[in-house]
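What follows is a set of notes on a single structure, which appears directly below.
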Number of protein chains: 2
Amino acid sequence: MNTKTTLLNSAEDLVRSRGFDGFSYSDLATQVGIRKASIHHHYKTKADLSLALITRYRGVFMERLAEISAQEPRASGRLLSFLDLYRDAMRGGRSLCLCVAFSVTQTALPKDSTAQLEGFHADVAQWLETVFRLALHDGTLRGVTTPRAEAHAALATVEGAQIMARAAEDATRFEAAIDTLRARAI
Amino acid sequence: MNTKTTLLNSAEDLVRSRGFDGFSYSDLATQVGIRKASIHHHYKTKADLSLALITRYRGVFMERLAEISAQEPRASGRLLSFLDLYRDAMRGGRSLCLCVAFSVTQTALPKDSTAQLEGFHADVAQWLETVFRLALHDGTLRGVTTPRAEAHAALATVEGAQIMARAAEDATRFEAAIDTLRARAI
DNA sequence: GTCTATACCTAGATAGAC
DNA sequence: GTCTATCTAGGTATAGAC
C-alpha cells in the first residue's frame with residue numbers, strides 16, 4: 001500500500017479515537033513510521049487532510065447504505081442494519097463514526113470540508129427518510145409519524161448515543177440509547 | 001460582582017460556544033479585561049476551572065428540572081419543558097448545553113470533572129425516567145415502552161440534536177430532530 | 001519521497017514586583 | 001489581586017540537502 005493511503009488510514013483511526021484536534025502530525029508520523037515533515041508532501045496542510053478524510057469516508061459509508069438497501073427489502077431490516085453500522089463504528093466505545101467525530105471538532109475546518117460534512121449528513125438523513133417512508137407501506141416499523149421527522153430524530157439519536165457512550169467509555173450506553181429504536185422493528 | 005464569578009460566567013460562555021479546548025486563558029483574559037496571569041490566581045489550572053464550571057452548572061440545571069417537576073404535574077408538560085430547556089440552551093445554534101460541550105471535549109479532563117459529568121448525565125437520565133414512568137400512569141405521552149430505555153433515548157436525541165444543529169449552524173435542525181419527541185405529548 | 005533542521009506561533013503555567 | 005516578564009512544551013508549516 002502506498003504511503004498516502006497508509007497515512008489516510010492512520011489519520012482516520014486517530015480522528016475517530018481522539019478527534020481531529022486531538023492528534024498532531026507528530027502523532028501521525030510516529031504511527032506510520034515516517035517523519036512529520038514527510039506528511040506535508042502528501043497532505044500539504046492538516047486542512048487538506050481533513051477534506052481527504054471526509055470525502056473518502058462519505059463515499060464508503062454511502063456504499064454501505066446502498067448495500068443495505070440492496071440486501072434488506074423491508075424497512076425494519078434496513079433500520080436494524082443501520083443501527084448495527086453505527087454500533088460497529090464505535091469499536092466498543094473507543095471510537096466514533098468519522099462523521100460524528102468531525103461534527104464535534106472545535107477548530108474551524110475549511111469550507112470544502114464542512115460542505116462535505118453537511119452533504120454527508122444530508123445524504124444519511126435522506127436515506128433514513130426513504131426507510132421510514134417504506135415503513136409506511138410495508139408496516140414493519142411501529143408508530144411511524146412523518147418520515148422526514150423520523151429520519152432526523154433517528155440520526156440525532158445514534159449520534160448522541162455515540163457521544164454519550166464515548167464520554168462514559170462504556171459501549172453499553174449506546175445500546176441503551178438506541179433500544180427504543182430497535183424495539184420499533186416488527 | 002467579584003472577579004472569580006465574572007471569570008466563571010465568561011468561561012461558561014466560551015466553553016458552550018467554542019468548547020473547552022477551543023478557548024485559552026488568553027481569550028478569557030481579553031473577554032474579562034484582565035491579564036491571563038491573573039486568572040491563575042482564581043483558578044490555578046484550567047482543570048480546576050473545568051471542575052468549577054461543571055459543578056456549578058450541574059447544580060443550576062438540576063434546580064431547573066426540580067422547578068419543572070413542581071410546576072408541571074403531567075408527564076407531557078414535563079417532557080415539553082425539558083425540550084424547551086435544551087432548545088433555549090442553544091441560543092439559536094451558536095451554543096451548546098455545557099454538559100454536551102464537555103462531553104465532546106477531546107483532552108483528558110481531570111477525574112473530578114469527569115465524575116461530575118457522569119453524575120450529571122446520570123441525574124438527568126434519572127429525572128427523565130421518572131417522567132416516562134409517570135406517563136405510564138397518567139397516559140399523557142404516546143407509545144411509552146420501558147421508562148429507562150425511553151429516558152436514555154430522549155437524552156441521546158437532544159444531545160445529538162444540539163450537535164447537529166451546531167455543526168450546521170442552523171437551529172432549526174434541533175427542532176427537526178426533536179419533533180417526534182414533541183409529537184408524543186397528548 | 002524522505003530526511004534534518006528550524007521558523008513561528010500559541011498554549012498553560014510560574015516568579016516576583018507592586 | 002493584578003501586573004510584567006519569562007519558561008517550557010507543543011503545534012503547524014517550510015527550506016533545502018540527500
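We name chains A, B, ... by the order of the sequence lines, and we start the count at 1 in each one. None of the values given here were measured: they were computed from a predicted structure. Values below: all heavy atoms of this structure, side chains included; hydrogens, waters and symmetry mates excluded.
Side-chain atoms of T55(B) never come within 3.5 Å of backbone atoms of A52(B) as a donor-acceptor pair (strictly under, hydrogens ignored).
Both G33(B) and K36(B) lie close to DNA chain D; mapped to their nearest nucleotides by heavy-atom distance, the more 5′-ward contact belongs to G33(B).
Nucleotide dT12(D) holds its P atom 11 Å from the CG atom of L14(A), rounded to whole Å. In this structure, R35(B) places its CZ atom 10 Å from C1' of dT2(D), rounding to the nearest Å. The nearest whole Å value for the distance from the CG atom in L28(B) to the C1' atom in dT2(D) is 15 Å. If you measure from atom OH of Y43(A) to atom C1' of dT14(D), you get 20 Å, rounded to the nearest angstrom. Atom CG in N2(A) sits roughly 15 Å away from atom C1' in dT2(C) (whole-Å rounding). Atom NE2 of H40(B) is separated from atom P of dT14(C) by 7 Å (rounded to the nearest Å). In this structure, F20(B) places its CZ atom 8 Å from P of dG12(C), rounding to the nearest Å. As rounded to whole Å, 13 Å separates atom C1' of dG1(D) from atom NZ of K4(B).
Residue H41(B) places at least one side-chain N or O under 4.0 Å from the OP1 or OP2 atom of dG1(D). OP1 or OP2 of dG12(C) has not a single side-chain nitrogen or oxygen of T45(B) nearer than 4.0 Å. Proximity of T3(B) to the phosphate of dT2(D): a side-chain N or O atom is located under 4.0 Å from OP1 or OP2.
Closest contact between the side chain of H42(B) and the listed nucleotides dA15(C), dA5(C), dT2(D) involves dT2(D). Distances from the side chain of A37(B) to the nucleotides dT2(D), dT4(D), dA13(C) place dT4(D) closest. Distances were taken from every side-chain heavy atom of S26(A) (C-beta onward) to each of dT4(D), dG11(D), dA15(D); the shortest belongs to dG11(D).
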Determine whether E63(B) and R58(B) satisfy the following criterion, side-chain contact (heavy atoms from CB on, under 4.5 Å), listing intermediate values before the conclusion. CA-CA 9 Å; E63(B) 269 177 35; R58(B) 182 183 179 186; over 6 Å; no

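Ring geometry for Y86(A) versus F82(A): interplanar angle of 30 to 60°, hence tilted.
In this structure, Y25(A) and R35(A) have side chains that are not in contact, with every pair of non-hydrogen atoms separated by 4.5 Å or more.
A135(A) approaches V144(A) most closely through the heavy-atom pair CB-CG2, 4.0 Å.
Using a 4.0 Å heavy-atom criterion, one finds that S24(B) contacts the sugar-phosphate atoms exclusively.
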